[in-house]
Amino acid sequence: MTEARRRRYAVALTGLTKVYGHGDIEVRALDGVDLRIDHGDYVAVMGASGSGKSTLMNIIGCLDVGTAGRYLLDGIDVRRLDESRLSLVRNRKIGFVFQSFNLIPRTSAQRNVELPLAYAGVRSAERAERAAAALARVGLSDRGHHVPSELSGGQQQRVAVARAIVTEPVLLLADEPTGALDSHSTADVLALFDELAVGGRTVVVITHEDEVAAHAKRVIQMSDGQIVSDVRQAEVHEPPPRWQQAGAPA
């Protein structure tokens, strides 16, 4: 029995390969990647354009599948799932945060956060209660009725984080989550990720920014579809987000 089967990791990749094209135009976006991520770990994945980090994110997020190798998400062999079951696992096990927020424009923050619960078949009253609690957790309890255009970029990203955690997923997966934010909003979102990680949430951030990677417990560097460096760094203790400081506005 393999180590990944003996121990249930949040993420366990073994010999993962992703190939696009054939023959002379074949591109190996991932080339035999082995990776284990424990529950509660906070990992930053870095690399230049074409390094394979985006392909890795898509496969970890169950948005794509590998050409070869194995991926166990919380002990579930993803390649054995049909599209319907894969969609169910994606909804229940993974919370996504994207650079562009991906909020529904004419829908309130509350309703945006409720959306994954609606897909999961959660009843209306419970959806509302859990979404309100998630918004409070990111410091936006007073913004639930606002549509995205009425919120700053930082607030929109915090709504996106609330939507990502409302299902209590195994994994929070963030793709360049601060790429569209100013420095103050970036600090707020990173402090929120720090808080979630301290609380035991498994966080994987895809980033090209050293400032973002500095917050992670572990930094993985990719090049040419392979992991070339995997370093565990000292934990960073940040001050609480500004919305949690006495007298600070949300």
Taking the side chain as everything from C-beta on, heavy atoms only, tell me whether [X] gets closer than 4.5 Å to [Y].
| X | Y | value |
| --- | --- | --- |
| Arg70 | Arg80 | yes |
| Leu172 | Phe193 | yes |
| Thr17 | Leu30 | no |
| Val231 | Gln221 | no |
| Phe96 | Asn102 | no |
| Leu135 | Arg143 | no |
| Glu150 | Gln156 | no |
| Pro148 | Gln155 | no |

Pick from Lys93, Arg92, Arg90: which one makes a salt bridge (charged side-chain N to carboxylate O under 4.0 Å, His left out) with Asp74?
Lys93

The salt bridge (charged side-chain N to carboxylate O under 4.0 Å, His left out) partner of Glu114 among Arg123, Arg127, Arg130 is Arg127

Say whether [X] and [Y] are linked into one hydrophobic cluster, either directly or through other cluster members, by side-chain heavy-atom distances under 4.5 angstrom.
| X | Y | answer |
| --- | --- | --- |
| Leu16 | Ile76 | yes |
| Ile60 | Leu88 | no |
| Leu173 | Val43 | yes |
| Ile59 | Val97 | no |
| Val203 | Ile206 | no |

Where is the tightest heavy-atom contact between [X] and [Y], given as atom of each residue plus distance?
| X | Y | answer |
| --- | --- | --- |
| Glu176 | Gln99 | O-CB, 3.2 Å |
| Gly225 | Val33 | O-CG2, 3.4 Å |
| Leu181 | Gly154 | CD2-N, 3.8 Å |
| Leu13 | Arg36 | O-NH1, 2.5 Å |
| Pro116 | Asn91 | O-ND2, 3.2 Å |
| Arg163 | Phe101 | NH2-O, 2.8 Å |

Residues that Tyr71 engages under ring pair (Phe, Tyr, Trp, His ring centres under 6.0 Å), provided they are two or more places apart
none

Val161 and side-chain contact (heavy atoms from CB on, under 4.5 Å): which single residue from Leu140, Val166, Val138 fits?
Val138

Under 4.5 Å side-chain heavy-atom separation, chaining through any Ile, Leu, Val, Met, Phe, Trp or Tyr, what else clusters with Val65? Say none if it is isolated.
none

Does Tyr119 sit in a hydrophobic cluster with other residues, and if so which ones, taking ILVMFWY side chains as linked at heavy-atom separations under 4.5 Å, directly or through other members?
Ile104, Leu115

Tell me if a side-chain donor or acceptor on [X] pairs with a main-chain N or O of [Y] at a distance below 3.5 Å.
| X | Y | result |
| --- | --- | --- |
| Gln110 | Ala128 | yes |
| Thr202 | Gly40 | yes |
| Asp34 | Gly15 | yes |

Arg111 atom CZ, over 12 foreign heavy atoms within 6.0 Å
no

Using a cut-off of 6.0 Å, state whether more than 12 heavy atoms not belonging to Asp224 lie near its atom CG.
no

So, Asp41 and Lys217, do they make that salt bridge, N to O below 4.0 Å?
no

What is the distance from atom [atom1] of [X] to atom [atom2] of [Y], rounded to the nearest 0.5 Å?
| X | Y | atom1 | atom2 | value |
| --- | --- | --- | --- | --- |
| Ser54 | Leu63 | OG | CG | 11.5 Å |
| Ile165 | Arg137 | CD1 | CZ | 4.5 Å |
| Leu73 | Cys62 | CG | SG | 5.0 Å |

Under 3.5 Å side-chain donor-acceptor pair for Ser185 and Gln157
no

Check step by step if side chain to side chain contact (heavy atoms under 4.5 Å, CB included) holds for Ile227 and Leu56.
CA-CA 10 Å; Ile227 293 174; Leu56 181 67; 5.6 Å; no

Side chain to side chain contact (heavy atoms under 4.5 Å, CB included) between Val78 and Val89, worked out
CA-CA 9 Å; Val78 170; Val89 165; 5.6 Å; no

Could I get the full list of side-chain hydrogen bond (donor to acceptor under 3.5 Å, both in side chains) partners for Asp38, not counting sequence neighbours?
Arg7

Glu129: partners by side-chain hydrogen bond (donor to acceptor under 3.5 Å, both in side chains), with sequence neighbours left out
none

Between Val198 and Tyr42, does the side chain to side chain contact (heavy atoms under 4.5 Å, CB included) criterion hold? Intermediate values first, please.
CA-CA 9 Å; Val198 169; Tyr42 183 3; over 6 Å; no

Could you walk me through whether Leu117 and Glu126 pass the side chain to side chain contact (heavy atoms under 4.5 Å, CB included) test, one step at a time?
CA-CA 9 Å; Leu117 297 176; Glu126 183 181 349; over 6 Å; no

Test of understanding: with salt bridge (Lys or Arg N to Asp or Glu O under 4.0 Å), list the residues that count as partners of Asp175, not counting sequence neighbours.
none

With Lys18, which of Asp64, Thr67, Asp31 fulfils side-chain hydrogen bond (donor to acceptor under 3.5 Å, both in side chains)?
Asp64

Evaluate Glu211 against Thr186 for side chain to side chain donor-acceptor pair (under 3.5 Å), listing each step before the verdict.
CA-CA 10 Å; Glu211 174 191 2; Thr186 291; 5.6 Å; no

